[in-house]
Amino acid sequence: EAGVAQSPRYKIIEKRQSVAFWCNPISGHATLYWYQQILGQGPKLLIQFQNNGVVDDSQLPKDRFSAERLKGVDSTLKIQPAKLEDSAVYLCASSLSSNEQYFGPGTRLTVT
Amino acid sequence: DQQVKQNSPSLSVQEGRISILNCDYTNSMFDYFLWYKKYPAEGPTFLISISSIKDKNEDGRFTVFLNKSAKHLSLHIVPSQPGDSAVYFCAARGGTYKYIFGTGTRLKVLA
């Protein structure tokens, strides 16, 4: 069974630029999560999708972050414009049930 | 407000001995708890979980204990192996199946 795929793995941008991350969940997993993990901290949920509907986006900075999950499969997370404090690893996870989540390898974003 | 806390940022243990990783939480409504292991440059990998209706769950060398009255859970690894060296996160599930993670404990198993 293929795991959660994410791209790119690494990205370096300057502040005020925009960036987009892509996630392909495990086939058949209805729930998809985007997390932000800042160095030294645990993953923090940004947004949770159930199929292509948003379940929770309470911690998504909506003035600069957006996410979509078209057709209930792949998802993209966008930051526009980026700030220095957005430097982090962005993790995508998917789950079949409400229990265990399966994480992708993450995208390490550096904003200079 | 850190609802899930891992107060030990790091832990070193000799190979073959027991590793005990601790996690405290503040929200009594959490109903499911999980432990994840994370190697560098990889995403977290699910390790073991426990429902709030249980106080122990075991899977091979890994056992998770839950003390609801103390709002405390722990992960025991016996015997510890060098390959267990990683960062361990505990996570708790709240409403709408939202997961809240601790800050992690870096375990180093010394050969």
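In the text below, chain A, chain B and the rest are named by the order of the sequence lines, each starting its count at 1. Only a predicted model underlies this, so the values are computations on that prediction, with no experimental measurement involved.
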**OP:** Give a yes or no on whether the backbone of B/Ile77 and the side-chain of B/Ser19 come within a donor-acceptor separation of less than 3.5 Å.
**Re:**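 Not a single qualifying donor-acceptor pair exists.
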
Original post:
Got a donor-acceptor contact below 3.5 angstrom from the A/Tyr33 side chain to the A/Ser95 backbone?
Top reply: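 It does not hold such a pair.
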
**OP:** Compute whether any side-chain donor of one residue and acceptor of the other, for B/Ser69 and B/Asn67, lie under 3.5 angstrom apart.
**Re:**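 Their side chains do contain a donor-acceptor pair, which is all the 3.5 Å distance test asks for.
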
Subject >> A/Ile79 with A/Trp22, same ILVMFWY side-chain cluster at under 4.5 Å >> reply: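 Per the 4.5 Å side-chain linkage, A/Ile79 and A/Trp22 are not co-clustered.
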
Subject >> Joint cluster assignment, B/Ile48 & B/Ile53, ILVMFWY side-chain distance < 4.5 Å >> reply: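 Result: no, two separate clusters.
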
Subject >> A/Gln37 portion near chain B, given a 4.5 angstrom heavy-atom threshold >> reply: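 For A/Gln37, side-chain heavy atoms alone lie under 4.5 Å from chain B.
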
Original post:
Does B/Asp24 come within less than 4.0 Å of B/Lys71, counting only side-chain N to carboxylate O?
Top reply: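 Salt bridge flag = no for B/Lys71 with B/Asp24.
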
**OP:** Pick whichever of B/Ala91, B/Pro44, B/Ala41 has the most heavy-atom pairs under 4.5 Å with chain A.
**Re:**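 Result: the option with the highest number of such pairs is B/Pro44.
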
Original post:
Who in residues 104-112 of chain A is close to chain B, using a strict under-4.5 Å heavy-atom cut-off?
Top reply: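 Residues A/Gly104, A/Pro105 are the ones that qualify, each having a heavy atom under 4.5 Å from chain B.
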
Original post:
Any side-chain hydrogen bond (donor to acceptor under 3.5 Å, both in side chains) pairs touching residues 59-70 of chain A, not counting sequence neighbours?
Top reply: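 Those involving residues 59-70 of chain A are A/Arg64-A/Asp86.
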
